[in-house]
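None of these values were measured; they are calculated from a predicted model. Atoms considered below: every heavy atom in the structure, side chains included; atoms not considered: hydrogens, waters and symmetry mates.
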Amino acid sequence: MAASKAQVAATQGEEGGEGSRSRAGSVSYGDSKDCILEPLSLPESPRGPTVSEVSPSVPCIFCEEHFPIGEQDKLLKHMVIEHKIVIADVKLVADFQRYILYWRKRFTEQPVTDFCSVIRINSTAPLEEQDNYFLLCDVLPEDRILREELQKQRLKEILEQQQQERNDNSFRGTCMFCNEEFLGNRSVLLNHMAREHAFNIGLPDNIVNCNEFLCVLQKKLDNLQCLYCEKTFRDKNTLKDHMRKKQHRRINPKNREYDRFYVINYLELGKSWEEVQLEDDRELLDHQEDEWSDWEEHPVSAVCLFCEKQAETIEKLYDHMEDAHEFDLLKIKSKLGLNFYQQVKLVNFIRRQMHQCRCYGCHVKFKSKAELKTHMEEAKHASLLPERKTWDQPLYYFPTYENDTLLCTLSDSESDLTAPKQNGNIAIISEDTSKLHALKQSSILNELLPHECLKN
């Protein structure tokens, strides 16, 4: 339940006012220079560099500005600043260029408010300081259908490309480990590397854009980088010994750079190969008896608000923040009476201040997060929260980091966290009923029942 709330928290806010398609203007809340407009991510497993390609440009939905398709984030930032429009779940759009061109045409036919949810920012300020932002997402049936059609079209193109590569007998490639050259079908080279060098990147029929894939791998080896752990070594012989001894002659499955070379990642909208594999496993177990004892919960791996510390459970993370930073989120929640959405805003506020290297206790800005962390620990400013009106703003419904797992663990009740710490046997001591008159005068019921009931 908490996870679903976290997903919709960003769309909560006041709706009102007529939509505006103004191309000028900036965010009126606070200092516009402090706005976080680019997507952020908390630290995860290391990822390899992406391969830059020369790509066609994509126009803005509202104006004549164009951006290379490889600089998608700059276009999104431009539309937020200049036109106050946000596109949800951009990563799930199969063809970003066609998606933008479609909505560019539709917005010339009807007002933006016919398609987008309107979110009023800084709603408690005077009317002239308020701003309306527009959210375009797949809650709109037309947007959902468009995303599904783009996904189907991309899958069709990928399957055609894969079939062409399957039938191509003019392939020419060199083994990355012994420099032997192979001519004919691509499967000859891939099978050779799997058989002779124990380097298996999967069945040839499961791979698409094979030439580009091999070029990416070869470039990493030329840069003396291990394909699995992605560490860099001083020379080629050291790299070869490392990959042989550590059995690292394989690619890193957590590196999303490789996803585009496997057909399985194009099968369903918004699903990776890992999710598809899990679904396949569940189908094989349909005929077996369900046993809840086999179910295991995946660790949350939430990140601390003030440092890079990650914890396997939310209880351990709370204990770390209390011990290392003297910040007790549960105590603050209880003391201030925060509901779920207020907790979301508080967490996003703190994340944003830490990202901008600003102490929210004394409002001093530092050059680095390390200096800020040292200052907050020495001055004990982590627990020195500003007034509620500073952070309890609709602006902080939007997550500062896209992958902030902590938001999914928040709860309306403390029972989820405190219940496991209680003992199963709780002693209950009854009141002494031998002296009813004295009991009537001192009982706690006097605070709960009306005086008329006690008199009777």
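- Residues Val216 and Tyr258 are in side-chain contact: their nearest non-hydrogen atoms beyond the backbone lie under 4.5 Å apart.
- With salt bridges taken as basic N to acidic carboxylate O contacts below 4.0 Å, none links Arg120 and Asp131.
- Glu257 and Lys219 are not joined by a salt bridge, as no carboxylate oxygen comes within less than 4.0 angstrom of a charged side-chain nitrogen.
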- Task: Start with the C-alpha gap between Glu142 and Arg106, add the side-chain angles, then the distance that decides, and say whether salt bridge (charged side-chain N to carboxylate O under 4.0 Å, His left out) holds.
- Result: CA-CA 11 Å; Glu142 184 175 351; Arg106 292 291 284 131; 2.7 Å; yes
- Task: Any chance you could lay out the ring-ring contact (aromatic ring centres under 6.0 Å, His included) test for Phe261 and Tyr266, step after step, and finish with the verdict?
- Result: CA-CA 10 Å; Phe261 300 117; Tyr266 298 90; 9.4 Å; no
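- Contact between Gln353 and Leu372 at its shortest, heavy atoms only, is O-CD2, 4.3 Å.
- Using a distance-only test at 3.5 Å, with no hydrogens or angles considered, a donor-acceptor pair links the side chain of Gln225 to the main chain of Glu230.
- The distance from the OG atom of Ser57 to the NE2 atom of His66 is 4.5 Å, given to the nearest 0.5 Å.
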- Apply salt bridge (charged side-chain N to carboxylate O under 4.0 Å, His left out) to Glu308 and Lys373, showing your working. CA-CA 11 Å; Glu308 304 294 326; Lys373 177 176 174 290; over 6 Å; no
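- Two residues are said to be in side-chain contact when any heavy atoms from C-beta on lie closer than 4.5 Å; Tyr360 and Thr390 fail this criterion.
- Considering all non-hydrogen atoms of both residues, Val90 and Gln72 come closest at CG1-NE2, 2.9 Å.
- Using a 30° and 60° split on the angle between ring planes, Phe107 and Phe115 fall in the tilted class, from 30° to 60°.
- A donor-acceptor pair is defined here as one N or O able to donate and one able to accept, closer than 3.5 Å; such a pair exists between the side chain of Arg388 and the backbone of Leu336.
- In terms of heavy-atom proximity, Met193 sits nearest to Met176 at SD-CE, 3.7 Å.
- Between the side chains of Asp241 and Thr238, no donor-acceptor pair is found at a separation under 3.5 Å.
- Under the 30°/60° scheme for interplanar angles, the aromatic rings of His325 and Phe306 are found to be tilted.
- Geometrically, Arg250 engages Tyr228 in a cation-pi contact, judged by NZ or CZ lying under 6.0 Å from the ring centre and within 45° of the ring axis.
- Between Arg256 and Asp259, at least one side-chain N (NZ, or NE/NH1/NH2) sits under 4.0 Å from a carboxylate O, which counts as a salt bridge.
- Under the 3.5 Å distance criterion, with hydrogens and angles disregarded, no donor-acceptor pair is assigned to the side chains of Gln164 and Glu160.
- Summarising the local packing, CD of Gln247 is surrounded by 12 or fewer heavy atoms from other residues, nucleotides or ligands at distances under 6.0 Å.
- Ring pair Phe62/His83 is tilted by interplanar angle, where 30° to 60° counts as tilted.
- Neither side chain, Glu149 nor Gln153, offers a donor N or O lying under 3.5 Å from an acceptor on the other.
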- Message: salt bridge (charged side-chain N to carboxylate O under 4.0 Å, His left out) for Arg104 and Glu64? Distances and angles first, verdict last.
- Response: CA-CA 11 Å; Arg104 178 181 171 90; Glu64 297 305 319; 3.0 Å; yes
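- Taking the six-membered ring where the residue is Trp, Tyr341 and Tyr397 present perpendicular rings, their angle passing 60° and hence far from 30°.
- A pairwise comparison of heavy atoms in Glu165 and Asn209 identifies OE2-N, 2.9 Å as the closest pair.
- Atoms SG and NZ, from Cys357 and Lys367 in turn, are 12.0 Å apart once rounded to the nearest 0.5 Å.
- Atom CD in Glu315 sits 9.5 Å away from atom CG in Leu330 (nearest 0.5 Å).
- Aromatic ring orientation, His375 versus Phe366: tilted (interplanar angle from 30° to 60°).
- Using a 4.0 Å cut-off between charged side-chain N and carboxylate O, Lys331 and Glu322 make no salt bridge.
- The shortest heavy-atom contact between Thr232 and Asn223 is CG2-O, 3.7 Å.
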- Task: Quick one: do Ile69 and Leu75 satisfy side-chain contact (heavy atoms from CB on, under 4.5 Å)? Show the steps, please.
- Result: CA-CA 9 Å; Ile69 197 168; Leu75 172 57; over 6 Å; no
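- Atoms CG and CZ, from Leu190 and Phe182 in turn, are 10.0 Å apart once rounded to the nearest 0.5 Å.
- The main-chain N or O of Val139 is never found under 3.5 Å from a side-chain atom of Arg144 such that the two would form a donor-acceptor pair.
- Here CZ of Arg260 is found 10.5 Å from CD1 of Ile158. Values are rounded to the nearest 0.5 Å.
- By the 30° and 60° cut-offs, the orientation of the rings of His242 relative to Phe233 is tilted.
- Remark: Gln218 pairs with Asp222 by the side-chain hydrogen bond (donor to acceptor under 3.5 Å, both in side chains) rule, at least two apart or across chains.
- In summary, Asp143 and Arg147 engage in a salt bridge, as defined by a charged side-chain N under 4.0 Å from a carboxylate O.
- With Asn167 contributing its side chain and Gln163 its backbone, the two residues share a donor-acceptor pair below 3.5 Å.
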- Step by step, work out the salt bridge (charged side-chain N to carboxylate O under 4.0 Å, His left out) result for Arg98 and Asp95. CA-CA 6 Å; Arg98 293 179 187 173; Asp95 191 323; 3.0 Å; yes
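- Among all heavy-atom pairs drawn from Met354 and Leu305, the shortest one is CG-O, 3.4 Å.
- For Asp168, there are no salt bridge (charged side-chain N to carboxylate O under 4.0 Å, His left out) partners at least two apart in sequence or on another chain.
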